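Keep in mind that the numbers below use all heavy atoms, side chains included, and drop hydrogens, waters and symmetry copies. For clarity, every value in this text was computed on a predicted model and none was experimentally measured.
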Amino acid sequence: MDGLRLFIDTFFSTVRDVIPIIAIIFGFQLFVLRKALNNPKRILFGFFYVILGLSLFLMGLELALFPLGASMAEQLTATDFVGAALKAGGEINWQAYYWVYLFGAAIGFSTTVAEPSLIAVAIKAAKVSGGAIRVNGLRASVALGVAMGIALGCYRIVVGDPLHYYIITGYVVVVIQTYFAPPFIVPLAYDSGGVTTSTVTVPLVTALGLGLASTVPGRNPMLDGFGLIAFASLFPMITVMGYAQITAYLQKKHAQRSS
């Protein structure tokens, strides 16, 4: 009964959130474009499937992904697992949390590779570029960037450093790299940072950050628990431009050898 009640509440909440989207689309179609809808029954069924899918997805977040992420963070930071979490002077022993960094990198990589929005962008980029950009190459470079970002973000939570130091430094690197990267990859690299913050990656990463900040001694979930998504958005821009720069360098070397 609790599951059914949760589904009903989530379903009607999703309907309320989706109604403005439906109103805008139908309003422009009927009153601005002044054209009838093609296959209105199929469109209505499509909206129903969207609402049903979103409802089930939100239920899955509440019942599985958020509790799982928090549970993993709690277990990985437990004193009996990490050992000496605190040094003699009360300072955090950040080296004891190496499993947290490894788990953060692994979960960041795997969730990004499975990200539907990234797959869609990679397929479109490969078509538009005529094969110059490979689907799996782009996906791997973005996933590697997220893995690096999440691992570094977990380290920041453990040591308690201010978030803006990392973000400002990262964007300075992005700006410098933008100048040297091939021009065709720059817009795609900037978009790649956005597509990582989508349906699969965000719930687990958010749960990991909050769980980590709740269990590491001296950390505040509000101050330290958030910010991992910023790392997940920043580092893919660096790795995608790096991927293009390495590819361009290898192609140049190959052309020199051929000539």
For residues 154-163, which side-chain N or O atoms pair as donor and acceptor with protein atoms under 3.5 Å away, sequence neighbours left out?
residue, atom, partner, partner atom, Å
R156, NH1, D161, O, 2.9
R156, NH2, D224, O, 3.2
D161, OD2, Y166, OH, 2.6

Between R139 and V142, is a side-chain contact (heavy atoms from CB on, under 4.5 Å) present by the stated rule, with each step listed? CA-CA 5 Å; R139 291 174 64 191; V142 174; 6.0 Å; no
Using side-chain contact (heavy atoms from CB on, under 4.5 Å), reason through L44 and F48 one step at a time and then give a plain yes or no. CA-CA 6 Å; L44 290 175; F48 173 75; over 6 Å; no
Between V205 and F231, is a side-chain contact (heavy atoms from CB on, under 4.5 Å) present by the stated rule, with each step listed? CA-CA 10 Å; V205 171; F231 284 89; over 6 Å; no
Between M148 and L152, is the side-chain contact (heavy atoms from CB on, under 4.5 Å) condition met? List the steps. CA-CA 6 Å; M148 293 167 55; L152 184 60; over 6 Å; no
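Hydrophobic clustering (side-chain heavy atoms under 4.5 Å, transitive across Ile, Leu, Val, Met, Phe, Trp, Tyr) keeps L210 apart from V216. A chain of hydrophobic side-chain contacts below 4.5 Å, direct or via other Ile, Leu, Val, Met, Phe, Trp or Tyr residues, connects I238 to I150. Using a 4.5 Å cut-off between side-chain heavy atoms of Ile, Leu, Val, Met, Phe, Trp and Tyr, with links allowed through other members, F109 and I119 fall into different hydrophobic clusters. No continuous path of ILVMFWY side-chain contacts below 4.5 Å connects L228 to F226, so the two sit in separate hydrophobic clusters. Linking ILVMFWY side-chain heavy atoms closer than 4.5 Å, directly or via other members, places I21 and L52 in a single hydrophobic cluster.
Separating the CG atom in L63 from the CG atom in L6 is a distance of 5.5 Å, to the nearest 0.5 Å. Taken to the nearest 0.5 Å, the CG atom of D191 stands 14.0 Å off from the NZ atom of K124. Atom CD in Q177 sits 5.0 Å away from atom CD in Q245 (nearest 0.5 Å). Between atom CZ of residue F180 and atom CE of residue M241 there is a gap of 12.0 Å, rounded to the nearest 0.5 Å. The structure places CG of L138 at 5.0 Å from CG of L188, a figure rounded to the nearest 0.5 Å. Note that CG of L144 and OH of Y243 are 12.5 Å apart. Values are rounded to the nearest 0.5 Å.
The nearest pair of heavy atoms linking S192 to P236 is O-CB, 4.1 Å. Of all non-hydrogen atoms in T10 and S55, the two that sit nearest each other are CG2-O, 3.6 Å.
Distance alone, capped at 3.5 Å, is enough to place a donor-acceptor pair between the T239 side chain and the S141 backbone. The closest donor-acceptor contact from the side chain of T111 to the backbone of I107 lies under 3.5 Å.
Residue pairs satisfying the ring-ring contact (aromatic ring centres under 6.0 Å, His included) criterion with at least one member in residues 11-41, sequence neighbours excluded, are listed as follows: F7-F11. Applying the ring-ring contact (aromatic ring centres under 6.0 Å, His included) rule to pairs touching residues 118-154 yields nothing, sequence neighbours excluded.
V15 pairs in a side-chain contact (heavy atoms from CB on, under 4.5 Å) with only one of the listed residues (V18, I19, D17), which is I19.
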